[in-house]
Amino acid sequence: MKIGVLALQGAFKEHEKMLTALGVKWCEIRQAEDLSKNLNGIIIPGGESTVISKLLIELNMMDKLQHILHTGVPVFGTCAGLILLSKQICDDTTTTIGAMDIEVKRNAYGRQLGSFAANGEFLGIGTIPMVFIRAPYIKSVGKNVQVLCTLQDKIVAARQENYLVTAFHPELTADLSVHKYFIQMVIDNIGNN
Ligand code: GLN
């Protein structure tokens, strides 16, 4: 099994550390050719969604990534990664990969709450620590989307088939459980093919 970590901008190193801690092989996706490698799963990290979007287009990676995700390769997006996987962003024209039937609000917690930590209940895992950094939240979900975690009445994690997103950064905590959850999705997907 090999996971590709999108490494154009943002907090990709932290995801790589989590994967290493779980004994999972990974490689960095830095250019379009890297998407041709046989990847069993993809992680899209936090960072600045506008910058990552621009780079994906400039480097001719957007279409290729969309195609790979349409074939059902599991993907895990955190924070900016969540924004990039959404079909719609509130009051924003950033081009997204548009895989998931969710509407998101960027920088949704205001200035004072720009960064904060909390504990929340994650469906199928239990209570986990969560770190939010100028985070988005999910404003609405389509009928195929399962809500996995809400905090302060806002949806902060969801899944649609092989797409998993969190508004928070599990990779900035010591808790491996959300990454384990994703790796299980990848294992299940390999088993089904
Ligand atoms: N505020 C960033 C954006 O809108 C996301 C922040 C993050 O990924 N931690 O892209």
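Numbering of ligands and ligand atoms starts at 1, following listing order.
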| said: Before we go on, tell me: are the rings of Phe122 and Tyr181 under 6.0 Å apart, centre to centre? | reply: yes
| task | Taking only Lys NZ, Arg NE, NH1 and NH2, and the carboxylate oxygens of Asp or Glu, determine whether Lys13 and Glu28 approach each other closer than 4.0 Å. | result |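 So Lys13 pairs with Glu28 through a salt bridge.
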| field | Side-chain ion pair, Glu48 and Arg106, N-O less than 4.0 Å | value | yes
Report every pair formed by an N or O atom of ligand 1 and a protein N or O atom separated by less than 3.5 Å, giving atom names and the distance to 0.1 Å.
{"from": "ligand 1", "atom 1": "1 (N)", "to": "Asn107", "atom 2": "OD1", "distance (Å)": "2.6"}
{"from": "ligand 1", "atom 1": "1 (N)", "to": "Arg134", "atom 2": "O", "distance (Å)": "2.9"}
{"from": "ligand 1", "atom 1": "1 (N)", "to": "Arg134", "atom 2": "NH1", "distance (Å)": "3.3"}
{"from": "ligand 1", "atom 1": "4 (O)", "to": "Arg106", "atom 2": "NE", "distance (Å)": "2.7"}
{"from": "ligand 1", "atom 1": "4 (O)", "to": "Arg106", "atom 2": "NH2", "distance (Å)": "3.0"}
{"from": "ligand 1", "atom 1": "8 (O)", "to": "Gly47", "atom 2": "N", "distance (Å)": "2.9"}
{"from": "ligand 1", "atom 1": "8 (O)", "to": "Gly47", "atom 2": "O", "distance (Å)": "3.1"}
{"from": "ligand 1", "atom 1": "8 (O)", "to": "Ala80", "atom 2": "N", "distance (Å)": "3.1"}
{"from": "ligand 1", "atom 1": "9 (N)", "to": "Ile133", "atom 2": "O", "distance (Å)": "3.0"}
{"from": "ligand 1", "atom 1": "9 (N)", "to": "His169", "atom 2": "NE2", "distance (Å)": "2.9"}
{"from": "ligand 1", "atom 1": "10 (O)", "to": "Ser49", "atom 2": "N", "distance (Å)": "2.7"}
{"from": "ligand 1", "atom 1": "10 (O)", "to": "Ser49", "atom 2": "OG", "distance (Å)": "2.7"}

| request: Could I get the full list of side chain to side chain donor-acceptor pair (under 3.5 Å) partners for Lys64, not counting sequence neighbours? | output: Ser36
| message | Tell me whether the count of non-hydrogen atoms from other residues, nucleotides or ligands lying under 6.0 Å of NZ in Lys154 goes above 12. | response |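 Correct, the count exceeds 12.
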| field | Val165 to Ile138 - nearest heavy-atom pair and separation | value | CG2-CD1, 4.1 Å
